[in-house]
Amino acid sequence: MSINLLLFKITLLVYLVATGLLLLDVVFRRELFGRIARRVLVAGFVLHTVVLALRWFDVGQTPVSSPHEAYSFFAWAVVGIYLLFDLRYRLAIIGAFVCPVAVVLMIVSSAMPKQVREPNPLLDSWWFPVHVSLAFAGYAIFALACVAGIMYLLQERMLKGKHFSGLYFRLPSLDILDNINSRCLSFGFPLMTMGIISGTVWANAAWGDYWRWDPKETWALLTWFLYAALLHGRLTIGWRGRRAAIFAIIGFCCLLFSFFVVNAMTSTEHSFRAMQGETMVLPR
């Protein structure tokens with residue numbers, strides 16, 4: 001077993017421990033569990049960063065060109081964004097919803113082939129790390145927005161039904177959840193936009209076209225319009241609360257479909273097979 005794979009498995013274990021501690025904080029309402037969970041999660045994030053750095057050294061470029069690398073990178077981004085938001089909100093309950101997302105991504109990553117393959121030479125561009133870093137940062141922020149949206153709908157349903165379970169007293173207020181949703185949109189939408197723009201510039205340099213209308217690009221554009229509609233609604237019409245929460249959930253579902261299904265099932269420049277050089281695409 002390579003040192004990278006061993007550290008990857010340890011990282012997954014650390015994330016599982018942090019998730020368990022966060023859930024204990026929610027169930028038993030003991031802040032001690034939350035404080036310990038944060039420290040464990042930070043340790044896991046640092047270890048995960050080392051794992052990605054080693055993989056980067058092995059591959060020779062940003063480690064997102066295979067399903068194993070991409071899902072791991074996505075999980076790393078989700079944990080990193082959550083830790084940044086946690087500096088502002090300090091709500092362990094949010095981590096109890098977000099960390100399972102990272103754990104699932106890590107489990108999926110662990111099930112994928114892990115061998116290092118020769119990447120597509122077209123990925124040997126400084127636009128590649130810029131494009132994927134912006135895109136994954138936006139994905140991670142929208143994951144947090146989706147979690148806030150789910151929590152909002154749960155809280156609202158309990159309030160309307162006057163069914164005050166133990167979870168009700170742990171969830172943040174509707175105003176806080178809507179504020180998190182709004183902040184996520186404010187940060188995530190510009191990152192997603194810059195990710196798409198950097199991708200079009202890179203595509204023009206590599207293939208001579210800014211836009212090729214492959215399935216990944218089409219889904220990215222549709223998702224961008226969805227989040228643009230939500231941002232427009234918030235700024236001009238005053239969309240808040242339930243409608244914004246639903247839009248955040250639908251938007252992230254579109255991102256997941258694009259990330260899991262479109263990348264895996266299509267044979268385009270954005271597919272994993274093309275990134276690994278199995279379906280070589282040369283510039284015009």
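Predicted, not measured: the structure shown is a model, and the values here were computed from it.
Within the 4.5 Å cutoff, no side-chain heavy atoms of Met112 are placed close to those of Ser66. Looking only at side-chain heavy atoms (C-beta outward), Glu69 and Lys114 stay at 4.5 Å or farther from each other. The shortest side-chain heavy-atom distance between Cys254 and Leu222 does not fall under the 4.5 Å cut-off. Side chains of Val98 and Ile81 form no contact here, defined as non-hydrogen atoms less than 4.5 Å apart. Counting only heavy atoms from C-beta outward, the side chains of Thr223 and Tyr139 never approach each other to under 4.5 Å. Here the side chains of Leu22 and Ile94 are not in contact, with every heavy-atom distance at 4.5 Å or above. Two residues are said to be in side-chain contact when any heavy atoms from C-beta on lie closer than 4.5 Å; Leu23 and Thr19 meet this criterion. Taking 4.5 Å as the limit, every side-chain heavy atom of Ser110 sits out of range of all side-chain heavy atoms of Lys9.
One finds the CD1 atom of Ile141 at 14.0 Å from the SG atom of Cys146 (value rounded to the nearest 0.5 Å). If you take OG1 on Thr200 and CD1 on Ile197, they are separated by 6.5 Å, rounding to the nearest 0.5 Å. Considering OG1 of Thr49 and CG of Leu54, their distance stands at 11.0 Å, rounded to 0.5 Å. To the nearest 0.5 angstrom, Leu171 atom CG is 5.0 Å from Met151 atom CE. Atom CG of Leu191 is separated from atom CD1 of Ile196 by 11.5 Å, given to the nearest 0.5 angstrom. Interatomic distance, CZ of Phe97 versus OH of Tyr82, reported as 12.0 Å (0.5 Å rounding).
Heavy atoms only, all atoms of each residue included: Ala145 and Cys184 are closest at CB-CB, 3.6 Å. In plain terms, the two heavy atoms of Arg55 and Pro63 that are nearest each other are CG-CB, 3.6 Å. Taking all atoms of both residues into account, the shortest heavy-atom contact from Ala244 to Leu230 is CA-CD1, 3.8 Å. Nearest heavy-atom pair across Ala92 and Gly34 is CB-CA, 4.3 Å. The minimum heavy-atom distance between Ile249 and Gly149, with the atom names listed, is CD1-C, 3.9 Å. Nearest heavy-atom pair across Tyr227 and Phe252 is OH-N, 3.0 Å.
A donor-acceptor pair is defined here as one N or O able to donate and one able to accept, closer than 3.5 Å; no such pair exists between the side chain of Ser72 and the backbone of His68.
Using a 4.0 Å cut-off between charged side-chain N and carboxylate O, Arg35 and Asp25 make no salt bridge. Comment: Asp86 engages Arg38 in a salt bridge, judged by a side-chain N to carboxylate O separation of less than 4.0 angstrom. Ionic pairing of Asp178 and Arg234 is present here: one or more N-O contacts between side-chain nitrogen and carboxylate oxygen are shorter than 4.0 angstrom.
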Check against side-chain contact (heavy atoms from CB on, under 4.5 Å), Val79 and Cys99: CA-CA 7 Å; Val79 173; Cys99 286; 5.7 Å; no
Full working for side-chain contact (heavy atoms from CB on, under 4.5 Å) between Ser109 and Phe8: CA-CA 10 Å; Ser109 175; Phe8 177 88; 3.6 Å; yes
Steps toward side-chain contact (heavy atoms from CB on, under 4.5 Å) verdict (Asn179, Tyr89): CA-CA 11 Å; Asn179 180 260; Tyr89 291 98; 2.6 Å; yes
Intermediate values then yes/no, ring pair (Phe, Tyr, Trp, His ring centres under 6.0 Å), Phe247 and Trp239: CA-CA 10 Å; Phe247 259 80; Trp239 284 0; 5.1 Å; yes
Stepwise side-chain contact (heavy atoms from CB on, under 4.5 Å) test for Met192 and Leu255: CA-CA 11 Å; Met192 184 182 189; Leu255 284 178; 4.2 Å; yes
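For Arg90, the CZ atom counts as densely surrounded, since its 6.0 Å shell holds more than 12 non-hydrogen atoms of other residues, nucleotides or ligands.
In this structure, Phe260 has its ring center at least 6.0 angstrom away from the ring center of Phe74. A ring-centre distance under 6.0 Å is not found for Phe142 and Phe189.
Ring pair Phe187/Phe85 is perpendicular by interplanar angle, where above 60° counts as perpendicular and below 30° as parallel.
Side-chain contact, Trp127 with Ser198: no donor N or O sits under 3.5 Å from an acceptor N or O. Side chains of Thr62 and Trp56: a donor-acceptor N/O pair is absent below 3.5 angstrom, by distance only. Side chains of Thr11 and His48: a donor-acceptor N/O pair is absent below 3.5 angstrom, by distance only.
Each salt bridge (charged side-chain N to carboxylate O under 4.0 Å, His left out) pair with one or both residues in residues 127-137, not counting sequence neighbours, would appear here, but there are none. Residue pairs satisfying the salt bridge (charged side-chain N to carboxylate O under 4.0 Å, His left out) criterion with at least one member in residues 149-158, sequence neighbours excluded, are listed as follows: Glu156-Lys160, Glu156-Arg242.
If you run ring pair (Phe, Tyr, Trp, His ring centres under 6.0 Å) between Trp219 and each of Trp224, Phe257, Phe225, Phe259, only Phe257 comes through.
When the side chains of ILVMFWY residues are joined at heavy-atom separations under 4.5 Å, either directly or via intervening members, Phe57 and Phe128 end up in two distinct hydrophobic clusters.
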